[in-house]
Amino acid sequence: MTTPDLTAAFVEFIRRTATDLPEDVEQALRQAHTKEAAGSAARSALDTILENVALARQHSTPICQDTGTPIAYFHYPEGWSTLKLKAQFEAALKEATRAAYLRPNAVNPVTGKNTGDNVGAGSPVLHFEEWEHDYLQVDLLLKGGGCENVSTQYSLPNAELKAGRDLEGVRRVALDAVYKAQGKGCAPGFLGISVGGDRGVSYFVAKEQLFRKLDEVSPQADVAALEGRITAEANQLGIGPMGFGGESTVLATQIGIPHRHPASFFVTVAYMCWAHRRRTLTWRAGTVEIK
């Protein structure tokens, strides 16, 4: 099967992701708004956030000044060229940056030089997997730098937190991560958590959880219960929107369980800010759909 030229579709895909917050995320923010006291700093912060979401959609401008690191997963049919898909997506990133849907965020850590177009070593972050279907699916996440800074990893057991190698230990370190983030993670946030794997796999799987719809819970009952408990208890910490205090600190927690080496027990918390920008593009028989 010949790889089609999807460059223009990818530009629109990036634009939609950067400027139009997903429906489930916006709905979660609106529900959080109803829980905050009238006249409070928390309610005011959410007023501003929701107004910003509407204006960004209306004017096709970035939801946040930090347009994030693009992270994309490509599931493609047999016979497609990953080299062509990569080239097309990078060309689209350059065009989206030129059109100001994205801010230039690819900076050489040694020289401090910005490439100016979001393309450089390690940017964008692209994953490719061939599958048995005859259509292409691309999932895109724009991960902000502020929330990335408060993402973290723990190695259990952790004596300081009295966290053992069990789900109770996972609960303890997850809440510790949220507490330490305070307002720096731009709450209310979303938690992608990995329990297991080596250090690299654990970071990888934690971020993968951020692609799930907010109502998608773990198929494992005890893990699903822990997801709900972490969210509920994080909202008892009093951090609130943008750290101003209140009831809404975490809007969803989603946990992945990669297998681990017997000697290691890593727990990674990928923190996502309120600007939870993710979209899915599907190409099927020449037709493109973006959700």
Side-chain angles (χ1 to χ4, degrees), residues 17-57 62-69 71 141-152 170-171 173-193 206-207 209-218 224 226-255 268-279:
T17 308
T19 66
D20 189 0
L21 205 63
E23 182 179 354
D24 62 335
V25 175
E26 183 175 357
Q27 183 59 34
L29 289 167
R30 292 192 180 282
Q31 290 175 351
H33 181 268
T34 66
K35 297 177 182 178
E36 303 298 348
S40 66
R43 173 72 75 94
S44 178
L46 286 167
D47 282 337
T48 302
I49 286 171
L50 291 168
E51 181 181 7
N52 179 73
V53 168
L55 287 171
R57 181 178 294 126
I63 296 168
C64 178
Q65 58 83 25
D66 178 2
T67 57
T69 296
I71 303 171
L141 177 75
L142 299 178
K143 184 74 162 65
C147 60
E148 183 71 357
N149 287 343
V150 298
S151 298
T152 189
V170 173
R171 183 188 73 85
V173 298
L175 292 175
D176 181 66
V178 174
Y179 181 77
K180 287 178 177 175
Q182 292 291 314
K184 296 189 291 293
C186 293
F190 304 83
L191 305 181
I193 298 178
K207 284 185 179 177
Q209 306 315 301
L210 298 174
F211 287 90
R212 291 162 52 182
K213 296 294 186 183
L214 299 185
D215 61 358
E216 183 182 336
V217 301
S218 171
L226 179 61
E227 290 173 336
R229 184 178 179 186
I230 289 172
T231 298
E233 294 184 355
N235 288 328
Q236 295 171 17
L237 295 175
I239 297 168
M242 305 304 288
F244 289 138
E247 307 297 321
S248 308
T249 299
V250 170
L251 301 184
T253 301
Q254 292 167 306
I255 300 175
T268 302
V269 180
Y271 193 109
M272 189 70 190
C273 60
W274 66 262
H276 191 351
R277 296 154 293 183
R278 54 160 161 73
R279 290 273 169 190

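Numbering starts at 1 and runs along the sequence shown.
- The distance from atom CD of Q27 to atom CD of E23, rounded to the nearest 0.5 Å, is 7.5 Å.
- In this structure, D20 and R279 have side chains that are in contact, with non-hydrogen atoms separated by less than 4.5 Å.
- Residues A234 and V178 share a closest heavy-atom pair of CB-CG1, 4.2 Å.
- Separating the OG atom in S218 from the CD1 atom in I193 is a distance of 11.5 Å, to the nearest 0.5 Å.
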Tell me, with the steps shown, if K143 and S151 meet side-chain contact (heavy atoms from CB on, under 4.5 Å).
CA-CA 11 Å; K143 184 74 162 65; S151 298; 3.6 Å; yes

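- Here the side chain of D66 pairs no donor or acceptor atom with the backbone of G144 at under 3.5 angstrom.
- A donor-acceptor pair is defined here as one N or O able to donate and one able to accept, closer than 3.5 Å; such a pair exists between the side chain of D24 and the backbone of L214.
- Closest approach of T152 and A177 over heavy atoms only: CG2-CB, 3.7 Å.
- Expressed to the nearest 0.5 Å, how far CZ of F211 lies from CE of M272 amounts to 9.0 Å.
- Annotation: side chain of R30 is in contact with side chain of L50 (closest heavy-atom distance under 4.5 Å).
- Considering only heavy atoms from C-beta on, W274 comes within 4.5 Å of I63 through its side chain.
- Across all their heavy atoms, L191 and Y271 have their closest contact at CD2-CD1, 3.7 Å.
- With rounding to the nearest 0.5 angstrom, the CG atom of L46 is 12.0 Å from the CG atom of N52.
- Remark: the backbone N or O of E216 is paired with a side-chain donor or acceptor of Q254 at under 3.5 angstrom.
- Salt-bridge formation is detected for the pair D176/K180: a Lys NZ or Arg NE/NH1/NH2 atom is positioned less than 4.0 Å from an Asp or Glu carboxylate oxygen.
- Side chain of R277 to main chain of L21: no donor-acceptor pair is present (N/O by atom type, distance under 3.5 Å, no hydrogens or angles).
- The line from CZ of R278 to CD1 of I71 is 13.5 Å long, rounded to the nearest 0.5 Å.
- Inter-residue side-chain proximity for H276 and L210 is flagged as met; some heavy-atom pair is nearer than 4.5 Å.
- In this structure the side chain of I230 reaches within 4.5 angstrom of the side chain of I255, judged on heavy atoms.
- For the atom pair L226 CG and T231 OG1, the distance stands at 9.0 Å (nearest 0.5 Å).
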Distance-only donor-acceptor hits, side chain of residues 238-249, under 3.5 Å, sequence neighbours excluded:
| residue | atom | partner | partner atom | Å |
| --- | --- | --- | --- | --- |
| S248 | OG | E36 | OE2 | 2.8 |
| T249 | OG1 | G240 | N | 2.9 |

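- Between R212 and Q209, the side chains place a donor N or O and an acceptor N or O closer than 3.5 Å (distance only, hydrogens not considered).
- Between V250 and F190, every side-chain heavy-atom pair lies at or beyond the 4.5 Å cut-off.
- Between V53 and R57 the shortest side-chain heavy-atom distance falls below 4.5 Å.
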